[in-house]
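What follows is a single structure, written as C-alpha coordinates, with notes after it.
No hydrogens, no waters, no symmetry mates; every other heavy atom, side chains included, goes into these values. Remember, predicted model here, so these are calculated numbers, not experimental data.
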Amino acid sequence: MSLLLTRRRAAAAVLTAALLVPLAACGNDDKKAADSGSEATSSASGAPKADLTVLAASSLTDVFKEAGAAYEKANPGTKVTFSFAGSQELAAQVKQGAPADALVTADTKTMDGLSGDTGEPTVIAKNRLVIAVGEGNPEKVGSLKDLADPKLKAVLAAPEVPVGRYSQQILDAQKIEVKPVSQEPNVRAVLSKVELGEADAGLVYKTDAATATDKVDAIEIPDAENAIASYPAATLKASKHSEVAAAFVAWLSTPEAQKILQGAGFQQP
(Lines give C-alpha, C1' and ligand atoms only; values in the text may rest on other atoms or scores of the structure.)
Protein backbone atom coordinates (compact mmCIF):
# COMPACT_ATOMS: atom_id res chain seq x y z
CA MET A 1 0.00 0.00 0.00
CA SER A 2 2.85 2.35 0.80
CA LEU A 3 4.49 1.75 -2.59
CA LEU A 4 1.19 2.27 -4.42
CA LEU A 5 0.52 5.50 -2.58
CA THR A 6 3.98 6.77 -3.43
CA ARG A 7 3.46 6.03 -7.12
CA ARG A 8 0.09 7.80 -7.14
CA ARG A 9 1.61 10.91 -5.54
CA ALA A 10 4.44 10.97 -8.07
CA ALA A 11 1.98 10.72 -10.94
CA ALA A 12 -0.09 13.56 -9.52
CA ALA A 13 2.99 15.75 -9.23
CA VAL A 14 3.93 15.12 -12.85
CA LEU A 15 0.39 15.93 -13.99
CA THR A 16 0.32 19.17 -11.98
CA ALA A 17 3.65 20.28 -13.43
CA ALA A 18 2.41 19.52 -16.92
CA LEU A 19 -0.65 21.68 -16.36
CA LEU A 20 1.32 24.59 -14.90
CA VAL A 21 3.76 24.89 -17.81
CA PRO A 22 1.14 26.07 -20.35
CA LEU A 23 -0.31 28.46 -17.78
CA ALA A 24 3.09 30.01 -17.13
CA ALA A 25 3.72 30.28 -20.86
CA CYS A 26 0.33 31.89 -21.28
CA GLY A 27 1.18 34.40 -18.54
CA ASN A 28 4.46 35.25 -20.25
CA ASP A 29 2.68 35.65 -23.57
CA ASP A 30 0.14 37.97 -21.95
CA LYS A 31 2.97 40.06 -20.46
CA LYS A 32 4.72 40.23 -23.82
CA ALA A 33 1.49 41.26 -25.49
CA ALA A 34 0.92 43.93 -22.86
CA ASP A 35 4.47 45.21 -23.27
CA SER A 36 4.06 45.19 -27.03
CA GLY A 37 0.82 47.13 -26.75
CA SER A 38 2.50 49.67 -24.47
CA GLU A 39 5.29 50.19 -26.97
CA ALA A 40 2.76 50.64 -29.78
CA THR A 41 0.96 53.31 -27.78
CA SER A 42 4.25 55.03 -27.09
CA SER A 43 5.25 55.12 -30.74
CA ALA A 44 1.82 55.84 -32.20
CA SER A 45 2.27 59.62 -32.11
CA GLY A 46 5.62 59.33 -33.85
CA ALA A 47 7.21 61.84 -31.45
CA PRO A 48 9.21 61.38 -28.24
CA LYS A 49 7.51 62.34 -24.99
CA ALA A 50 8.65 64.31 -21.95
CA ASP A 51 7.84 67.21 -19.66
CA LEU A 52 9.46 70.27 -21.26
CA THR A 53 10.36 73.58 -19.64
CA VAL A 54 10.63 76.48 -22.08
CA LEU A 55 12.09 79.86 -21.10
CA ALA A 56 10.32 82.53 -23.16
CA ALA A 57 10.28 86.32 -23.50
CA SER A 58 7.46 88.12 -21.67
CA SER A 59 5.92 89.35 -24.92
CA LEU A 60 5.14 85.71 -25.81
CA THR A 61 3.06 85.10 -22.68
CA ASP A 62 -0.40 84.95 -24.23
CA VAL A 63 0.42 83.42 -27.60
CA PHE A 64 2.68 80.70 -26.18
CA LYS A 65 -0.02 79.55 -23.79
CA GLU A 66 -2.20 78.92 -26.83
CA ALA A 67 0.67 77.40 -28.80
CA GLY A 68 1.65 75.12 -25.91
CA ALA A 69 -1.90 73.78 -25.63
CA ALA A 70 -1.96 73.10 -29.37
CA TYR A 71 1.38 71.27 -29.21
CA GLU A 72 0.28 69.10 -26.29
CA LYS A 73 -2.92 68.19 -28.12
CA ALA A 74 -0.92 67.15 -31.20
CA ASN A 75 1.63 65.26 -29.09
CA PRO A 76 -0.17 63.35 -26.31
CA GLY A 77 2.15 62.52 -23.44
CA THR A 78 4.24 65.68 -23.76
CA LYS A 79 3.67 68.56 -21.34
CA VAL A 80 5.07 72.03 -22.03
CA THR A 81 5.62 74.42 -19.12
CA PHE A 82 6.65 78.01 -19.85
CA SER A 83 8.65 80.39 -17.70
CA PHE A 84 8.18 83.98 -18.90
CA ALA A 85 10.50 86.91 -18.14
CA GLY A 86 12.54 89.62 -19.81
CA SER A 87 15.08 88.14 -22.21
CA GLN A 88 17.98 89.42 -20.08
CA GLU A 89 16.52 87.61 -17.06
CA LEU A 90 16.17 84.42 -19.07
CA ALA A 91 19.79 84.68 -20.18
CA ALA A 92 20.88 85.00 -16.55
CA GLN A 93 18.85 81.92 -15.65
CA VAL A 94 20.54 79.91 -18.41
CA LYS A 95 23.98 81.04 -17.25
CA GLN A 96 23.10 80.03 -13.70
CA GLY A 97 22.14 76.55 -14.85
CA ALA A 98 18.38 76.76 -14.39
CA PRO A 99 16.80 73.43 -15.44
CA ALA A 100 15.15 74.06 -18.81
CA ASP A 101 14.99 72.57 -22.28
CA ALA A 102 14.50 75.43 -24.75
CA LEU A 103 14.80 79.21 -24.94
CA VAL A 104 13.00 81.89 -26.97
CA THR A 105 14.20 85.49 -26.69
CA ALA A 106 12.89 88.76 -28.11
CA ASP A 107 16.15 89.62 -29.83
CA THR A 108 19.06 87.90 -31.54
CA LYS A 109 21.67 89.76 -29.46
CA THR A 110 20.66 88.01 -26.24
CA MET A 111 20.50 84.62 -27.95
CA ASP A 112 23.88 85.13 -29.63
CA GLY A 113 25.40 85.80 -26.22
CA LEU A 114 24.39 82.29 -25.17
CA SER A 115 25.87 80.43 -28.14
CA GLY A 116 27.85 78.14 -25.83
CA ASP A 117 24.67 77.06 -24.03
CA THR A 118 22.25 76.60 -26.93
CA GLY A 119 21.79 74.72 -30.14
CA GLU A 120 21.52 76.55 -33.47
CA PRO A 121 18.78 79.21 -33.10
CA THR A 122 15.95 79.71 -35.58
CA VAL A 123 13.95 82.95 -35.87
CA ILE A 124 10.29 81.98 -35.44
CA ALA A 125 8.58 85.40 -35.53
CA LYS A 126 9.05 89.16 -35.75
CA ASN A 127 7.41 92.12 -34.03
CA ARG A 128 7.38 95.93 -34.08
CA LEU A 129 6.82 98.73 -31.61
CA VAL A 130 3.80 100.95 -30.95
CA ILE A 131 3.07 103.71 -28.45
CA ALA A 132 0.67 102.45 -25.79
CA VAL A 133 -1.58 105.15 -24.32
CA GLY A 134 -4.57 105.16 -22.03
CA GLU A 135 -7.93 104.22 -23.55
CA GLY A 136 -9.21 107.10 -25.63
CA ASN A 137 -5.73 108.64 -25.73
CA PRO A 138 -6.54 111.38 -23.19
CA GLU A 139 -3.15 113.09 -23.63
CA LYS A 140 -3.55 113.21 -27.44
CA VAL A 141 -0.25 111.48 -28.17
CA GLY A 142 0.23 111.26 -31.91
CA SER A 143 3.89 110.45 -32.55
CA LEU A 144 7.25 109.65 -30.99
CA LYS A 145 8.13 113.32 -30.57
CA ASP A 146 5.21 113.74 -28.17
CA LEU A 147 6.97 111.44 -25.72
CA ALA A 148 9.55 114.19 -25.13
CA ASP A 149 6.93 116.52 -23.62
CA PRO A 150 8.03 117.02 -19.98
CA LYS A 151 4.38 117.15 -18.93
CA LEU A 152 3.80 113.65 -20.27
CA LYS A 153 4.48 110.70 -17.97
CA ALA A 154 6.29 108.33 -20.32
CA VAL A 155 7.60 104.91 -19.31
CA LEU A 156 10.18 102.75 -21.10
CA ALA A 157 11.74 99.36 -20.54
CA ALA A 158 15.26 99.32 -19.11
CA PRO A 159 18.02 99.60 -21.74
CA GLU A 160 19.28 96.05 -21.09
CA VAL A 161 15.85 94.65 -22.02
CA PRO A 162 15.32 94.01 -25.76
CA VAL A 163 12.24 96.25 -26.00
CA GLY A 164 14.11 98.95 -24.06
CA ARG A 165 17.01 98.69 -26.48
CA TYR A 166 14.69 98.89 -29.48
CA SER A 167 12.92 101.87 -27.91
CA GLN A 168 16.14 103.79 -27.38
CA GLN A 169 17.25 102.89 -30.90
CA ILE A 170 14.25 104.46 -32.57
CA LEU A 171 14.26 107.50 -30.26
CA ASP A 172 17.94 108.12 -30.94
CA ALA A 173 17.39 107.78 -34.68
CA GLN A 174 14.78 110.56 -34.51
CA LYS A 175 16.93 112.61 -32.12
CA ILE A 176 14.17 112.52 -29.50
CA GLU A 177 15.15 112.71 -25.84
CA VAL A 178 12.69 111.11 -23.45
CA LYS A 179 13.02 111.23 -19.68
CA PRO A 180 10.92 108.29 -18.51
CA VAL A 181 9.24 108.29 -15.11
CA SER A 182 10.43 104.70 -14.76
CA GLN A 183 12.39 102.00 -16.60
CA GLU A 184 10.78 98.59 -16.33
CA PRO A 185 12.29 95.04 -16.37
CA ASN A 186 10.14 93.78 -19.25
CA VAL A 187 7.55 94.88 -21.79
CA ARG A 188 4.58 93.61 -19.76
CA ALA A 189 5.61 95.86 -16.89
CA VAL A 190 5.62 98.87 -19.25
CA LEU A 191 2.16 97.94 -20.51
CA SER A 192 0.90 97.50 -16.96
CA LYS A 193 2.00 101.02 -16.01
CA VAL A 194 -0.11 102.45 -18.84
CA GLU A 195 -3.06 100.15 -18.08
CA LEU A 196 -3.11 101.25 -14.45
CA GLY A 197 -2.85 104.94 -15.34
CA GLU A 198 0.55 105.25 -13.67
CA ALA A 199 1.97 106.41 -17.01
CA ASP A 200 0.44 108.33 -19.91
CA ALA A 201 2.35 106.48 -22.60
CA GLY A 202 4.95 103.77 -23.12
CA LEU A 203 6.73 101.98 -25.93
CA VAL A 204 5.69 98.33 -26.21
CA TYR A 205 5.42 95.64 -28.85
CA LYS A 206 2.36 95.75 -31.07
CA THR A 207 1.32 92.28 -29.89
CA ASP A 208 1.39 93.33 -26.23
CA ALA A 209 -0.85 96.33 -26.84
CA ALA A 210 -3.25 93.97 -28.64
CA THR A 211 -3.73 91.96 -25.42
CA ALA A 212 -5.16 94.98 -23.57
CA THR A 213 -7.41 96.73 -26.10
CA ASP A 214 -10.02 97.34 -23.41
CA LYS A 215 -7.56 99.43 -21.40
CA VAL A 216 -5.06 100.93 -23.83
CA ASP A 217 -4.92 102.29 -27.36
CA ALA A 218 -2.01 101.70 -29.71
CA ILE A 219 -0.52 104.58 -31.68
CA GLU A 220 1.23 103.22 -34.77
CA ILE A 221 4.83 104.21 -35.47
CA PRO A 222 5.71 104.63 -39.19
CA ASP A 223 7.94 101.90 -40.62
CA ALA A 224 10.69 104.41 -41.37
CA GLU A 225 10.85 105.32 -37.67
CA ASN A 226 10.27 101.85 -36.25
CA ALA A 227 12.38 98.82 -35.33
CA ILE A 228 11.83 95.15 -36.07
CA ALA A 229 12.22 92.67 -33.22
CA SER A 230 13.28 89.12 -34.11
CA TYR A 231 12.44 86.12 -31.91
CA PRO A 232 14.99 83.29 -32.12
CA ALA A 233 14.26 79.88 -30.55
CA ALA A 234 16.85 77.26 -29.61
CA THR A 235 17.31 74.12 -27.57
CA LEU A 236 19.46 74.27 -24.45
CA LYS A 237 22.50 72.01 -24.37
CA ALA A 238 21.85 71.21 -20.70
CA SER A 239 18.39 69.80 -21.50
CA LYS A 240 17.71 66.26 -20.32
CA HIS A 241 15.16 65.92 -23.11
CA SER A 242 17.13 67.21 -26.09
CA GLU A 243 15.21 65.21 -28.70
CA VAL A 244 11.82 66.39 -27.44
CA ALA A 245 13.08 69.97 -27.08
CA ALA A 246 14.34 69.91 -30.68
CA ALA A 247 10.95 68.64 -31.85
CA PHE A 248 9.18 71.54 -30.10
CA VAL A 249 11.56 74.18 -31.45
CA ALA A 250 11.12 72.77 -34.96
CA TRP A 251 7.33 72.81 -34.52
CA LEU A 252 7.37 76.56 -33.87
CA SER A 253 8.20 77.07 -37.56
CA THR A 254 5.40 74.81 -38.84
CA PRO A 255 2.25 76.23 -40.50
CA GLU A 256 0.17 75.32 -37.43
CA ALA A 257 2.39 77.26 -35.04
CA GLN A 258 2.84 80.15 -37.46
CA LYS A 259 -0.92 80.48 -37.79
CA ILE A 260 -1.19 80.90 -34.01
CA LEU A 261 1.67 83.42 -33.86
CA GLN A 262 0.40 85.50 -36.76
CA GLY A 263 -3.13 85.37 -35.37
CA ALA A 264 -1.74 87.16 -32.30
CA GLY A 265 -0.18 89.86 -34.46
CA PHE A 266 3.37 88.55 -34.85
CA GLN A 267 4.95 88.85 -38.28
CA GLN A 268 6.44 86.07 -40.38
CA PRO A 269 10.10 85.39 -39.60
Using modelled atom types only, decide if a donor and an acceptor are shared between the side chain of [X] and the backbone of [Y] within a distance under 3.5 Å.
X: Asp217; Y: Gly136; result: yes
X: Ser58; Y: Ala85; result: yes
X: Ser192; Y: Ala189; result: no
X: Asp107; Y: Pro162; result: no
X: Asp146; Y: Ser143; result: yes
X: Glu160; Y: Gln88; result: no
X: Glu72; Y: Val80; result: yes

(request) Decide side chain to side chain contact (heavy atoms under 4.5 Å, CB included) for Leu261 and Phe64; before the verdict, give the C-alpha distance in whole Å, the side-chain angles of both, and the deciding distance to 0.1 Å. (result) CA-CA 8 Å; Leu261 286 162; Phe64 261 20; 4.3 Å; yes

(request) Look at the aromatic rings of Phe248 and Phe82 and report parallel, tilted or perpendicular, splitting at 30° and 60°. (result)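 Taking Phe82 first and then Phe248, their aromatic rings sit tilted (interplane angle of 30° to 60°).
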
(request) Give the minimum heavy-atom separation between Ala102 and Val249, together with the two atoms involved. (result)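 Answer, listing the atom of Ala102 first, then Val249: CB-CG2, 4.0 Å.
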
(message) Ignoring hydrogens, what is the shortest heavy-atom contact between Ala233 and Val104? Give both atom names and the distance.
(response)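 Nearest heavy atoms, Ala233 then Val104: CB-CG2, 3.7 Å.
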
[X] versus [Y]: any side-chain heavy-atom pair under 4.5 Å?
X: Asp200; Y: Val133; result: no
X: Glu184; Y: Val155; result: yes
X: Lys49; Y: Asn75; result: no
X: Val94; Y: Leu55; result: yes
X: Leu203; Y: Ile131; result: yes

(request) Start with the C-alpha distance between Asp208 and Ser59, add both sets of side-chain angles, then the distance that settles side-chain hydrogen bond (donor to acceptor under 3.5 Å, both in side chains), and finish with yes or no. (result) CA-CA 6 Å; Asp208 288 285; Ser59 50; 4.5 Å; no

(request) Decide, yes or no, whether a salt bridge links Asp62 with Arg188 under the criterion of side-chain N to carboxylate O below 4.0 Å. (result)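 Salt bridge flag = yes for Arg188 with Asp62.
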
(message) Taking Lys193 first and then Glu198, would you say they form a salt bridge - that is, a charged N and a carboxylate O separated by under 4.0 Å?
(response)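 Salt bridge present between Lys193 and Glu198.
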
(request) Would you please test Leu152 and Val141 for side chain to side chain contact (heavy atoms under 4.5 Å, CB included) and show each step? (result) CA-CA 9 Å; Leu152 188 80; Val141 175; 4.0 Å; yes

(request) Walk me through it: do Val123 and Tyr231 pass the test side chain to side chain contact (heavy atoms under 4.5 Å, CB included)? (result) CA-CA 5 Å; Val123 174; Tyr231 290 73; 5.5 Å; no

(request) Give the C-alpha distance, both sets of side-chain angles, the deciding distance and a yes or no for ring-ring contact (aromatic ring centres under 6.0 Å, His included) between Tyr205 and Phe266. (result) CA-CA 10 Å; Tyr205 295 121; Phe266 288 87; 8.1 Å; no

(message) Please report the interatomic distance CD(Glu139) to NZ(Lys151), rounded to the nearest 0.5 Å.
(response)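 Interatomic distance, Glu139 CD to Lys151 NZ, rounded to 0.5 Å: 10.5 Å.
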
(request) In sequence, state the C-alpha distance, the side-chain angles, and the governing distance for Ser167 and Gln169, and then conclude on side-chain hydrogen bond (donor to acceptor under 3.5 Å, both in side chains). (result) CA-CA 5 Å; Ser167 297; Gln169 175 186 323; over 6 Å; no

(request) Report the C-alpha distance between Leu191 and Val216 in whole Å, list the side-chain angles of each, state the deciding distance to 0.1 Å, and finish with yes or no for side chain to side chain contact (heavy atoms under 4.5 Å, CB included). (result) CA-CA 8 Å; Leu191 182 66; Val216 304; 4.1 Å; yes

